Amino acid sequence: MNPKFQAPRGTLDYTPPGSLALRRLQELAAEVFSRYGFLPLETPIFESTDLFTRSIGEETDIVSKEMYTFPDKKGRSLTLRPEGTASAVRAYLERGLEDTGFSRFWYFGPMFRYERPQAGRTRQFFQLGVEAFADAGPASDAEVIECFWRLCEALGLEGLQVKLNSVGCAACRGAYTAALKERLRGREGDVCEQCRTRLEKNPLRILDCKVAADQELYRDLPKLVDSLCEACAAHFAGVRGNLELLGVAYVLEPRLVRGLDYYTRTAFEITSGALGAQDAVGGGGRYDLLVEQFGGRPTPAVGFAAGVERLLMVAEKTAASLPAPYAGTAYIAALGERVGRRALELARDIRTEKLSCLLDLGPGGLGKKLKAASRLACGWALILGDAELDSGNIAVKDLASGEQKLVPLEGLVTYLKERRGHPCRTS
RNA sequence: GCGGAUGUAGCUCAGUUGGUUAGAGCACUGGAUUGUGAUUCCAGUGGUCGCGGGUUCGAGUCCCGUCAUCCGCCCCA
């Protein structure tokens, strides 16, 4: 088959059973997030281009080369969102959430970055994340990291690592970058081309340069965490103590900087060895200046974002498989014309009791219908033919075990309800 | 934006130095078994060989272009 259309480069279709895994992940995330008081927040998928350029930073890769930017019919420059935090801050201010007492939010939705696709990277991808506003204390940093960690645990993921660092505040970071420049004065010719521009525009980023020669040169530079001002050092110590209290293991990663400009103090990532070159499952940090920068009153904030595709990739490799899509579903095999009306009623009654069923009124014999039910890995087959109808019964077959018994039509729904969650084979 | 690999049936893949009518397994449809599936046996459906151009008597095979996928670099989720 040679389809006339194909999906745009770097996009995915979620088809069963992957589509089901995506939804289940969303439900699980919503459940975990609600334990921490995070409430759902939905923002547009496109925003004014300025919103991103001014928060993420003009010099970042995202803004300088990865955004889907287009003019609308009135010539306004819009951009498909490359991440979620900027929109959350914008909505927080624009809708007056500051004054409502609601300060904790979660989101789950598509993001867009124009990049070369590879393992764990597509142009449209889903992110889920949380943002916690108006709490400057180190407990909220720890709660956010813990929340991310618990979500991974709930997914059954293994082999993950929490990496932690502090990038300080405007004051100590300024002092540190000045010291960096001082130390590297005269050595500009020895570093890679990219680091030369970094030294000019965003000196912190030289720290996570991957060029071996550069790393050698940077090895005895002072660590950012050792240069924090008193307040930032105290905050960082607080975050670490709280993580230990909560039982979330982490490793210090002095070179962890992260690619967005708005981070202050805490920066963290969760990585997995089960992924390819793109090993970050997600990351985040504190952004105490962003709300004020957007015109709000000074409001500290901390959050994280995780890549849904990457969570699912790790889940596929390390977690137990999900139940088959139709594991709890009954397959009604209706045989012959006469039973059609009764079978339709039965389907209605099953669904009224919040159970699932598929109704097969089509032609074909029992063998064919059982085969269909079996192929979809349904939990039960409900066999209704003339004999059953005349005797007021229906044959209920457990497709996993092969056991079959006659159940009175009136008692069918109760019978199924009692066996809801009956273990069925998985895909 | 840069580098490498790959596109043949719904899926996973064979296909010789270019040679006549392109194959297998799985899946699907039908039958053995008019009402008992996930195991067997038999038969069948399914392909403009990613797309476009070129070389040639002849192209799935060689050349050019293009689209897409995978892997890596950069960077990130």
Side-chain angles (χ1 to χ4, degrees), chain A residues 1-12 15 56 59-66 81-85 108-129 148 192-195 197-198 202 205 208-211 256-260 269-272 275-284 303-314 324 331 333-336 339 360 363-378 380-389 395-404 424-425 427:
Chain A
M1 173 86 157
N2 230 331
K4 207 162 188 171
F5 297 106
Q6 56 189 155
R9 176 154 209 216
T11 62
L12 297 171
T15 58
I56 298 168
E59 299 306 325
T60 60
D61 281 36
I62 292 179
V63 170
S64 63
K65 59 181 197 190
E66 296 173 2
R81 63 183 185 192
E83 58 104 40
T85 299
F108 184 110
M111 305 293 164
F112 306 84
R113 293 184 199 172
Y114 190 94
E115 294 188 89
R116 272 292 270 279
Q118 69 179 81
R121 173 188 291 163
T122 50
R123 289 181 172 181
Q124 178 179 171
F125 57 99
F126 285 86
Q127 271 190 354
L128 55 83
F148 187 5
C192 72
E193 194 179 334
Q194 202 173 11
C195 277
T197 37
R198 281 171 174 154
N202 193 350
R205 302 237 54 194
D208 63 356
C209 177
K210 305 295 189 298
V211 178
L256 176 65
V257 171
R258 303 197 50 75
L260 287 71
E269 272 182 12
I270 294 186
T271 57
S272 163
L275 296 172
Q278 316 304 325
D279 68 344
V281 170
F304 83 82
V308 168
E309 284 76 7
R310 293 186 189 175
L311 286 169
L312 292 173
M313 280 169 77
V314 180
Y331 191 98
L335 302 167
V339 302
D360 185 351
L366 181 58
K368 185 180 167 172
K369 294 186 183 205
L370 282 178
K371 196 168 180 179
S374 170
R375 186 170 152 222
L376 295 172
C378 288
W380 295 280
L382 308 181
I383 301 162
L384 187 65
D386 290 340
E388 287 80 8
L389 189 63
V396 178
K397 179 162 191 159
D398 181 324
L399 287 166
S401 68
E403 279 173 53
Q404 181 173 326
C424 295
R425 113 186 85 151
S427 57

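Naming convention: chains lettered A, B, ... in sequence-line order (proteins, then strands); numbering from 1 in each chain. Please read these numbers as outputs of a predicted model, since none were measured by experiment.
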What does rA43(B) pair with, Watson-Crick or G-U, if both distances are under 3.5 Å? rU29(B)
Report the C-alpha separation of R310(A) and F125(A) in whole Å, then their side-chain angles, then the decisive distance to 0.1 Å, and conclude whether the side-chain contact (heavy atoms from CB on, under 4.5 Å) test is met. CA-CA 10 Å; R310(A) 293 186 189 175; F125(A) 57 99; over 6 Å; no
Could you tell me whether Q404(A) contacts a base, only the sugar-phosphate backbone, or nothing, with contacts defined as non-hydrogen atoms closer than 4.0 Å? base
Heavy-atom nearest nucleotide on RNA chain B for P117(A) versus G365(A): which residue maps closer to 5'? G365(A)
Pairs under 3.5 Å (N/O, protein and nucleotides 1-6 of chain B):
residue : atom : partner : partner atom : Å
rC2(B)  : N4   : R116(A) : NH1          : 3.1
rG3(B)  : O6   : R116(A) : NH2          : 3.0

Is there a side-chain polar atom (N or O) of K368(A) under 4.0 Å from OP1 or OP2 of rG30(B)? yes
Looking at Q118(A), does any N or O in its side chain come under 4.0 Å of the phosphate oxygens OP1/OP2 on rG72(B)? yes
Respond yes when some side-chain nitrogen or oxygen of R9(A) is under 4.0 Å from OP1 or OP2 of rC67(B), and no when none is. no
Just by modelled atom types, is the L12(A) backbone N or O under 3.5 Å from a matching donor or acceptor in the Q124(A) side chain? no
Provide the distance between the two P atoms, one in rG3(B) and one in rC74(B), to the nearest whole Å. 16 Å
Expressed in whole Å, how much space separates the C1' atoms belonging to rA59(B) and rC49(B)? 11 Å
Could you measure between the two P atoms, the one in rC62(B) and the one in rU16(B), and give it in whole Å? 9 Å
For the P atoms, the ones on rG58(B) and on rG54(B), what distance do you get once it is rounded to whole angstrom? 12 Å
Any base atoms under 4.0 Å from T271(A), or only sugar-phosphate, or nothing? Heavy atoms, all strands. nothing
Testing the basics here: between R116(A) and R121(A), what is the closest heavy-atom pair and its distance to 0.1 Å? O-CD, 3.3 Å
Check whether any side-chain nitrogen or oxygen of R258(A) sits under 4.0 Å from OP1 or OP2 of rA77(B), and answer yes or no. yes
Interatomic distance, F112(A) atom CZ to I62(A) atom CD1 [nearest 0.5 angstrom]: 14.0 Å
In Watson-Crick or G-U wobble terms, with both distances under 3.5 Å, the base opposite rG18(B) is none
rU36(B) base / K397(A) side chain donor-acceptor hit below 3.5 Å: yes
Indicate, with a heavy-atom threshold strictly under 4.0 Å, whether V308(A) touches base, sugar-phosphate, or nothing. nothing
Using Watson-Crick or G-U wobble geometry with both distances under 3.5 Å, which nucleotide pairs with rA5(B)? rU69(B)
Whole-Å P distance, rA22(B) and rU66(B): 31 Å
Could you check whether I383(A) gets within reach of a base, just the sugar-phosphate, or nothing at all, counting any heavy atom under 4.0 Å? base
How would you label the contact of G364(A) with the nucleic acid (heavy atoms, under 4.0 Å): base, sugar-phosphate, or nothing? nothing
Could you check which nucleotide pairs with rU61(B) in any of the strands shown, counting Watson-Crick or G-U wobble with both distances under 3.5 Å? none
Applying a 4.0 Å non-hydrogen cut-off, can you work out what G402(A) is touching in the nucleic acid: base, sugar-phosphate, or nothing? base
Given the structure, check if the side chain of R113(A) and the base of rA77(B) hold any donor-acceptor pair shorter than 3.5 Å. yes
Nearest 0.5 Å, please: how far is CH2 in W380(A) from CG in L399(A)? 10.0 Å
Exercise: identify the closest heavy-atom pair between E59(A) and S64(A): O-OG, 4.3 Å
NA contact type, A372(A), heavy-atom cut-off 4.0 Å: base, sugar-phosphate, or nothing? nothing
If I take atom NZ from residue K368(A) and atom CG from residue D360(A), how far apart are they, to the nearest 0.5 angstrom? 8.0 Å
Could you work out the separation of rU20(B) and rG15(B) based on their P atoms and round it to a whole Å? 16 Å
Could you grab the distance from atom CZ of R123(A) to atom CZ of R113(A), nearest 0.5 Å is fine? 13.5 Å
Roughly how many Å apart are rA5(B) and rG65(B), using the P atom of each and rounding to a whole number? 14 Å
Using atom CG of L370(A) as one end and atom P of rG35(B) as the other, report the distance to the nearest whole Å. 10 Å
Taking any strand in view, what nucleotide pairs with rA38(B) in a Watson-Crick or G-U wobble way, both distances under 3.5 Å? none
Could you tell me the separation between the CG atom of L366(A) and the NZ atom of K371(A), rounded to the nearest 0.5 Å? 13.0 Å
Counting only Watson-Crick or G-U wobble pairs whose two distances fall under 3.5 Å, which nucleotide matches rA24(B)? rU12(B)
Candidates rG37(B), rG35(B), rC76(B) - which lies nearest the side chain of Q278(A): rC76(B)
Give one of base, sugar-phosphate or nothing for Q124(A), where a contact means two heavy atoms less than 4.0 Å apart. nothing
E388(A), nearest nucleotide to its side chain (from rG35(B), rA77(B), rG37(B)): rG35(B)
Opposite nucleotide pairing with rC74(B), Watson-Crick or G-U, both atom distances under 3.5 Å: none
Suppose you measure atom C1' in rA43(B) against the same atom in rU36(B); what distance do you get, rounded to whole Å? 23 Å
Spacing of Y331(A) atom OH and L376(A) atom CG [to the nearest 0.5 Å]: 7.0 Å
